[in-house]
Number of protein chains: 2
Amino acid sequence: MPITKVESEDILDRLTEVFRTVGYEGATLSKLSEATGLQRASLYHRFPGGKKEMAETVLLRCGSQFQEQILNPLKGEGTPEERLQRMARNLSQYYQKGNAACLLDTLSVGEGQDIFSQHIQESFALWIETLAKVVQEGTDLTKARSKQIAEDQVMKIQGALVLARGTGVTKPFQRVLQGLPEILKTK
Amino acid sequence: MPITKVESEDILDRLTEVFRTVGYEGATLSKLSEATGLQRASLYHRFPGGKKEMAETVLLRCGSQFQEQILNPLKGEGTPEERLQRMARNLSQYYQKGNAACLLDTLSVGEGQDIFSQHIQESFALWIETLAKVVQEGTDLTKARSKQIAEDQVMKIQGALVLARGTGVTKPFQRVLQGLPEILKTK
DNA sequence: GTCTATAGGAAGATAGAC
DNA sequence: GTCTATCTTCCTATAGAC
């Protein structure tokens with residue numbers, strides 16, 4: 001019998017939590033083992049490539065979830081403002097109201113940088129690009145200016161998560177999300 | 001003869017570079033040794049507390065430099081706008097035009113979080129507080145609103161550094177700094 | 001598919017010569 | 001103050017029983 005889907009999802013959730021919290025180098029096999037309740041050897045059975053494969057799997061899965069929950073709603077139905085509101089609502093959930101770090105951030109330090117830089121780079125670019133299109137659609141700004149505004153928002157969100165991790169305060173993160181739909185009022 | 005000042009400063013610069021780039025857990029004794037040109041044992045001679053003491057020293061030194069280069073100018077002479085311009089210019093240098101990560105960010109992941117959370121928390125609070133005072137002085141906004149604006153800017157800066165680390169692109173960081181003095185035009 | 005046991009190496013840290 | 005040599009612990013990874 002193959003590894004059941006439910007089990008895998010649960011395991012992946014726990015692995016994700018570890019990588020998000022402590023980064024790539026901080027995620028020791030001991031921590032990953034403890035978090036999942038699986039012994040090292042069992043983890044290697046599921047991920048023959050070891051820690052690197054675990055991180056890759058987690059990163060790809062987060063990318064898919066981000067696509068579904070954040071980017072697709074941005075490209076979906078409704079006015080640009082409605083879509084931004086949806087994005088904000090889903091971002092709040094995705095980042096657990098500011099209590100969860102962004103993998104693109106924590107995995108871009110140290111050895112993680114070496115391994116995942118290309119993926120991280122593309123993920124940021126895609127997010128910004130998708131958001132920029134909505135901005136351009138909802139305003140009469142140039143493409144270049146729309147991209148700047150999209151970048152600004154992504155930076156604010158990332159910065160809010162850094163601040164939340166550093167201070168334990170999540171209010172600023174929530175404020176950033178609240179302000180998201182209003183970027184269409186930019187002149 | 002005690003360790004000369006010049007030597008120490010140089011050593012500390014190199015240690016800082018390592019911690020900034022790879023974080024606490026990524027900063028192995030091997031890397032710290034290689035970066036400084038000192039053998040492990042020599043590092044332990046200078047920092048009997050080992051890696052933890054190195055990181056502490058680096059963090060405190062960066063805090064002092066930040067105070068001198070960023071916060072003191074904010075509290076110094078000139079109009080609020082001039083002071084913000086000075087801050088922006090000095091931030092550009094402090095973060096090497098966006099190419100250097102913020103220690104408060106990279107050290108707030110994993111084991112670094114456990115060790116330095118209090119210092120990190122206080123550093124962010126002090127930065128925001130100092131900046132908020134300038135905003136309040138340069139506008140007719142309430143204290144609470146001024147603090148929000150200060151938070152926004154610190155978040156933008158941190159987010160810009162995350163984006164720069166993740167994508168290698170530093171233009172957004174420089175744009176954030178350019179926009180800094182204009183926050184006084186907020187209504 | 002999970003486990004125990006262990007290999008092999010790199011981690012942080014120390015001893016003691018110079 | 002710096003070095004070489006070494007200690008112990010923890011790391012990633014594998015072997016093989018069940």
Side-chain angles (χ1 to χ4, degrees), chain A residues 1-59 61 106-107 109-116, chain B residues 1-59 61 106-107 109-116:
Chain A
M1 191 173 75
I3 300 168
T4 70
K5 195 69 181 295
V6 172
E7 271 173 11
S8 294
E9 293 296 301
D10 194 32
I11 296 289
L12 286 172
D13 280 342
R14 291 161 193 262
L15 292 178
T16 303
E17 159 86 4
V18 175
F19 283 110
R20 255 213 287 233
T21 311
V22 302
Y24 187 76
E25 328 225 16
T28 65
L29 271 275
S30 298
K31 282 181 189 162
L32 296 166
S33 169
E34 193 187 4
T36 55
L38 291 173
Q39 294 293 344
R40 269 161 244 249
S42 302
L43 286 173
Y44 275 95
H45 177 78
R46 291 166 179 250
F47 306 94
K51 177 166 139 176
K52 185 180 167 187
E53 188 179 336
M54 293 184 222
E56 272 167 4
T57 305
V58 157
L59 195 53
R61 181 161 169 271
T106 56
L107 287 187
V109 176
E111 202 182 339
Q113 166 88 281
D114 302 333
I115 305 176
F116 304 115
Chain B
M1 192 173 75
I3 301 168
T4 69
K5 197 68 179 295
V6 172
E7 272 172 12
S8 295
E9 294 295 303
D10 195 32
I11 296 290
L12 286 173
D13 281 342
R14 291 160 192 260
L15 292 178
T16 303
E17 160 85 3
V18 176
F19 283 111
R20 258 212 283 231
T21 310
V22 301
Y24 187 76
E25 327 225 17
T28 65
L29 270 278
S30 298
K31 282 182 189 161
L32 295 166
S33 169
E34 192 187 5
T36 56
L38 291 173
Q39 295 293 342
R40 268 163 245 251
S42 302
L43 286 174
Y44 276 96
H45 177 78
R46 290 165 181 249
F47 306 94
K51 178 166 138 173
K52 184 178 167 189
E53 187 179 337
M54 294 183 223
E56 272 168 3
T57 305
V58 158
L59 194 53
R61 181 161 168 270
T106 55
L107 288 187
V109 176
E111 202 183 339
Q113 166 89 282
D114 303 333
I115 306 176
F116 304 116

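Each chain gets a letter, A, B and so on, in the order the sequences are listed, and its residues count up from 1.
For the helix from C:dG1-D:dC18 to C:dC18-D:dG1, the axis fitted to the five pairs at one end and the axis fitted to the five pairs at the other end meet at an angle of 0° (nearest 10 degrees).
In terms of the side-chain hydrogen bond (donor to acceptor under 3.5 Å, both in side chains) criterion, residue partners of A:S30 (sequence neighbours excluded) are, by chain and number, A:R40. Scored by the side-chain contact (heavy atoms from CB on, under 4.5 Å) test, B:E34 finds no partners at all (sequence neighbours excluded).
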Determine all donor-acceptor pairs shorter than 3.5 Å in which one atom belongs to a side chain in residues 47-56 of chain A; sequence neighbours excluded.
unit_1: A:K51; atom_1: NZ; unit_2: A:Y24; atom_2: O; d: 2.9
unit_1: A:K51; atom_1: NZ; unit_2: A:A27; atom_2: O; d: 3.2
unit_1: A:E53; atom_1: OE1; unit_2: A:G49; atom_2: N; d: 2.5

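Atom OH of A:Y44 is separated from atom C1' of D:dC11 by 9 Å (rounded to the nearest Å). What separates CD1 of A:I11 from P of C:dT2 is a distance of 7 Å, to the nearest Å. One atom, CG of A:L43, and another, P of D:dA15, lie 17 Å apart when rounded to the nearest Å. Rounded to an integer number of Å, the gap from A:R46 CZ to C:dC3 C1' is 13 Å. Taking atom CD of residue B:E111 and atom C1' of nucleotide D:dC11, one finds them 13 Å apart after rounding to whole Å. In this entry the distance linking CZ of B:F47 with P of D:dG1 reads 12 Å, nearest Å.
With rounding to the nearest 0.5 angstrom, the OG1 atom of A:T16 is 5.0 Å from the CZ atom of A:R61. Annotation: the span from A:L59 atom CG to A:I115 atom CD1 amounts to 10.5 Å, rounded to 0.5 Å.
For residues 14-33 of chain A, the salt bridge (Lys or Arg N to Asp or Glu O under 4.0 Å) pairs, not counting sequence neighbours, are A:D10-A:R14.
Using a 4.0 Å cut-off on heavy atoms, the residues of residues 20-42 of chain B that approach DNA chain C are B:A27, B:T28, B:L29, B:S30, B:R40, B:A41, listed by number.
No side-chain heavy atom of B:L38 sits less than 4.5 Å from a side-chain heavy atom of B:H45.
Under the side-chain contact (heavy atoms from CB on, under 4.5 Å) rule, A:T36 has a single partner from A:L43, A:D13, A:V18, A:L12, which is A:L43.
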